[in-house]
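It should be emphasised that the depicted structure is a prediction, and the values quoted were computed from it without experimental measurement.
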Amino acid sequence: MDAAICTMPGGVCTSDDSTSFEDLAIYGTTAVIAMGLSIILAMQLDGVSRRFLSPTSLRAKRRREYRYAVEQGNEYTALMIRQHVGGGKGLYDPKTESVVWA
């Protein structure tokens with residue numbers, strides 16, 4: 001049984017549990033965004049990429065990923081060396097780093 005609220009004596013009634021157009025638009029937009037993000041994330045997986053990308057594009061994608069991983073590793077190692085030279089975690093001050101390594 002629906003609990004209907006009649007606002008006018010002429011019989012215009014609205015239901016309490018009806019979904020408005022704005023709510024449907026929000027749900028639809030959210031669903032489309034979620035699907036788009038999941039597709040983007042799935043394309044990052046190598047197995048999925050192998051099915052859709054040409055071998056040349058796949059090779060270029062892998063090179064970019066490997067280059068990024070190497071750059072991140074080098075950056076992390078450099079930071080650890082600078083921290084060690086700077087006296088350890090408690091004494092390392094990144095503000096003075098530019099003076100030391102310039």
Could you measure the distance from the [atom1] atom of [X] to the [atom2] atom of [Y]? Nearest 0.5 Å is fine.
{"X": "Arg62", "Y": "Tyr66", "atom1": "CZ", "atom2": "OH", "answer": "5.5 Å"}
{"X": "Thr30", "Y": "Met35", "atom1": "OG1", "atom2": "CE", "answer": "12.5 Å"}
{"X": "Lys61", "Y": "Ser54", "atom1": "NZ", "atom2": "OG", "answer": "12.5 Å"}
{"X": "Leu24", "Y": "Thr29", "atom1": "CG", "atom2": "OG1", "answer": "10.5 Å"}

Does CE belonging to Met80 count more than 12 external heavy atoms closer than 6.0 Å? yes

Under a 4.0 Å N-O cut-off, is there an ion pair linking Arg67 with Glu71? no

